[in-house]
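Single-structure report; data block below.
Treat the numbers as computed from the prediction; the structure is a model and nothing was measured.
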Amino acid sequence: MQASKSGLSLVGRLCRASAVPKQAGQRRKIHTSRATRDAAAGPVAAAMITPELANYSGKTEKLNLFMSINNAMSIALEKDPKAVVFGEDVAFGGVFRAAIGLREKFGKDRVFNTPLCEQGIAAFAIGMAAVGATPIAEIQFADYIFPAFDQIVNEAAKYRYRSGGEFNVGGLTFRSPYGAVGHGGHYHSQSPEAYFCHTPGLKVVVPSGPTEAKGLLLASIRDPNPVLYFEPKVMYRSAVQEVPVEDYEIPLGKARIVREGKDITMVGWGTQIHVLYRAAEMAQKELGISCELIDLRTLAPWDVDTVVASVKKTGRLLISHEAPKTVGLAAEICSTAQEKCFPYLEAPIARVCGYDTPFPLIFEKFYNPDELKNFEAIKKTVQYDFS
Amino acid sequence: MALSIRSRVLAQTVAKRRGAASMRLNRGYASAAKETLEGDKLRLEFEGAYKTHKCESPSLVAYTNKQELLDYYREMQLMRRMEVAADQMYKQKLIRGFLHLYIGQEAVASGLESVLTKEDHVITAYRDHAHMISRRCGGTVKEVLAELTGRITGCSKGKGGSMHMYKADANFWGGNGIVGAQVPVGAGLALAQKYLKTGRVSMSYMGDGAANQGQNFEAYNMAMLWKLPAIFVVENNLYGMGTSVERASAAKEFYTRGDYMPGIQVDAMDVFAVREAGKAAVKHAQTTGPILIEAVTYRYQGHSMSDPGTTYRSRDEIQKVRETRDCIEKVKGRLLRHSFATEADIAAIDKEIKVIVDEAVEFAKTSPEPPLAELWTNVYAEDVPVRGVEAALSYPGAGR
């Protein structure tokens with residue numbers, strides 16, 4: 001396992017995290033799960049800096065990803081009396097603890113369990129949003145979102161359009177853990193973002209760290225459009241950061257430059273930002289290649305201008321995601337980039353994605369677009385020879 | 001992972017409320033059977049084992065004999081020992097991912113499988129290991145455990161894992177991860193039987209949590225409309241993951257949820273009561289149409305390996321069921337009480353089972369993993385080149 005930038009091993013970071021003193025009102029100690037400790041190296045601290053908060057000098061608290069999401073929901077429920085949180089098992093805190101303490105704080109009318117029925121959950125949420133409430137509906141795993149697909153795509157996405165603006169479900173937010181977790185297999189690892197990015201009327205947001213997550217979730221909840229917020233589940237406990245305690249939002253539709261560079265632009269989101277960051281470090285160290293890394297944050301509508309400006313600067317583009325390659329979001333980014341930057345391109349645009357197979361169980365390590373695969377793709381792209 | 005004090009207090013409050021669920025367990029529901037020896041046959045008379053909805057009660061009397069008792073004992077004990085071994089292997093990190101154990105519920109699979117043949121069709125959800133090794137299905141403990149450890153010798157070549165076990169020659173359709181998805185598929189299997197005039201039935205299992213999925217009701221409607229030979233089984237272990245039935249279902253009498261479809265509720269901790277209900281259901285499905293069985297059972301462990309199973313119910317409740325209503329102990333008691341077998345005989349069976357399971361564990365530990373080519377086979381019927389990252393860019397040594 002690689003050491004973090006601070007020079008501490010993962011165990012060292014754990015020990016330091018657990019030494020956080022418990023003050024009144026502060027959360028209990030942070031812990032990581034065995035699964036994430038055993039997975040390939042965890043989140044990279046330097047990849048989670050939020051530029052919009054560069055000048056923030058207020059109070060912060062050490063939170064992991066699920067705590068920061070919890071914090072965002074708490075603020076949302078506090079400030080918006082019409083906000084409610086529901087889903088399967090959220091009353092006791094949820095299977096990933098993202099909803100912990102909310103029922104105690106806001107009451108059982110505002111934080112409640114639904115039976116096991118995703119289609120029902122989605123439709124129920126749409127109905128509430130239609131009359132002006134702010135429902136925050138959880139789909140326990142993104143893999144289970146498909147019974148709700150019709151409601152989300154045919155109802156939620158089209159509400160405003162089909163009524164000519166008379167009705168809308170803008171207050172609606174779906175939250176769902178997505179992505180590879182090391183052992184999830186077919187139905188606990190999927191990345192379904194492409195299906196929803198393909199539906200006009202929906203917004204899709206994916207955070208890549210605790211500070212990002214809180215700001216993006218608050219923005220998503222308050223955005224006057226239905227938003228699907230996919231949370232990288234593998235980082236729920238392992239991504240730890242000093243998060244501002246205030247209420248703050250990160251604008252939707254705006255990408256984040258994680259790392260500046262001049263030789264190649266890399267685009268990703270969620271967990272993949274950390275994978276790409278490590279690949280960038282490898283490329284810098286071993287080949288002297290300077291990589292610019294962009295975190296899209298919002299996948300639909302995605303920040304075309306930031307990516308295009310970057311590609312025009314570097315002349316090379318690499319996009320990486322866990323979802324299968326064919327018709328994944330990388331295809332859309334690739335196509336738009338070549339359309340707008342054709343004369344600037346020095347090499348074909350690279351896509352480092354999951355294979356076109358169902359998400360495998362035992363083969364996950366081969367399937368994942370890890371830093372080694374990305375490093376090779378960076379090398380191939382930068383060393384591309386026209387002749 | 002220690003729970004904070006607040007979580008523990010919360011758990012105790014929750015557990016007190018769960019007392020309601022355990023009241024259900026005790027409410028004469030837990031049937032008692034009157035046992036009378038008639039020569040070499042044991043006559044069982046069930047009191048309060050069944051409740052019915054729009055149909056006749058299954059036979060309140062069942063006959064069995066020494067061999068049958070021994071066979072059921074052996075089958076259920078094998079299921080339990082296999083699940084316990086899987087539990088241990090998971091804790092040793094030989095099994096990763098998701099694992100949902102059937103411990104406590106053995107009588108449901110054992111009893112219902114015994115009324116079906118290999119030509120009947122069975123489909124269930126992810127708590128499927130026991131169904132694989134029933135006498136009907138004929139899977140081996142070796143292939144189940146090897147599948148759990150992800151080896152090529154597993155029943156799905158290591159590609160499916162715990163939730164995806166299948167056996168084509170026994171028409172066992174698995175093994176489904178998405179809750180509720182298997183029920184309409186089961187109705188489809190029944191339609192095929194009717195269409196092809198095989199005279200066979202399909203049995204679709206689901207849990208009490210899954211019973212609230214919308215697609216089930218679509219399946220019930222079609223099954224009833226077209227009078228399909230379908231048996232729908234709700235394995236009601238009183239908790240959908242961590243949510244008790246009281247808090248998830250407006251109608252807790254699952255056997256009535258088919259509405260226009262007849263239903264039988266059975267105390268599924270007695271394998272013979274389950275068998276009789278199964279017999280009645282098969283007859284009904286073959287002659288009249290679909291029927292629903294609600295098998296009231298109990299699981300001792302949590303929902304899966306990441307659930308301790310004690311935050312939403314009290315340890316007393318679990319202990320009480322284990323001590324007074326355990327399905328394997330019930331059969332063992334009948335063997336001993338009526339001198340069909342001695343403690344030594346039963347110990348011999350247990351020993352035999354231990355050997356089988358130990359060998360299977362060793363097999364699961366030492367079998368080879370599937371070759372990398374399995375990653376991209378069986379995606380389509382034909383071999384297509386799999387787009388993605390070229391093998392040369394992949395993990396060093398991969399694909400070569």
Using the side-chain contact (heavy atoms from CB on, under 4.5 Å) rule, take B/Leu372 and A/Phe366 through it: C-alpha gap first, then chi angles, then the decisive distance, then the call. CA-CA 8 Å; B/Leu372 187 61; A/Phe366 297 105; 3.4 Å; yes
Of all of B/Ile178, B/Val179, B/Leu375, which one pairs up most often with chain A through heavy atoms under 4.5 Å apart?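 Greatest number of close heavy-atom pairs with chain A: B/Leu375.
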Of all of A/Lys379, A/His188, A/His186, which one pairs up most often with chain B through heavy atoms under 4.5 Å apart?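 Max contact count across the listed options: A/His188.
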Please find the pair of heavy atoms, one from B/Ser156 and one from B/Glu147, that lie closest to each other, and give the distance.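 Reported closest heavy-atom pair: N-OE1, 2.7 Å.
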Less than 4.0 angstrom from a charged side-chain N to a carboxylate O is my criterion; do B/Lys159 and B/Glu374 meet it?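 Counted as a salt bridge, because a side-chain N and a carboxylate O are separated by less than 4.0 Å.
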Contacting moiety of B/Ala211, where chain A heavy atoms sit under 4.5 Å: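 For B/Ala211, no heavy atom lies under 4.5 Å from chain A.
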Answer with side chain, backbone, both or neither: which region of A/Glu364 has an atom nearer than 4.5 Å to a non-hydrogen atom of chain B?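 Neither the backbone nor the side chain of A/Glu364 comes within 4.5 Å of chain B.
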Can you tell me which residue among B/His129, B/Arg127, B/His100 is in a side chain to side chain donor-acceptor pair (under 3.5 Å) with B/Ser162?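 It is B/His129, the one option of B/His129, B/Arg127, B/His100 that forms the side chain to side chain donor-acceptor pair (under 3.5 Å) with B/Ser162.
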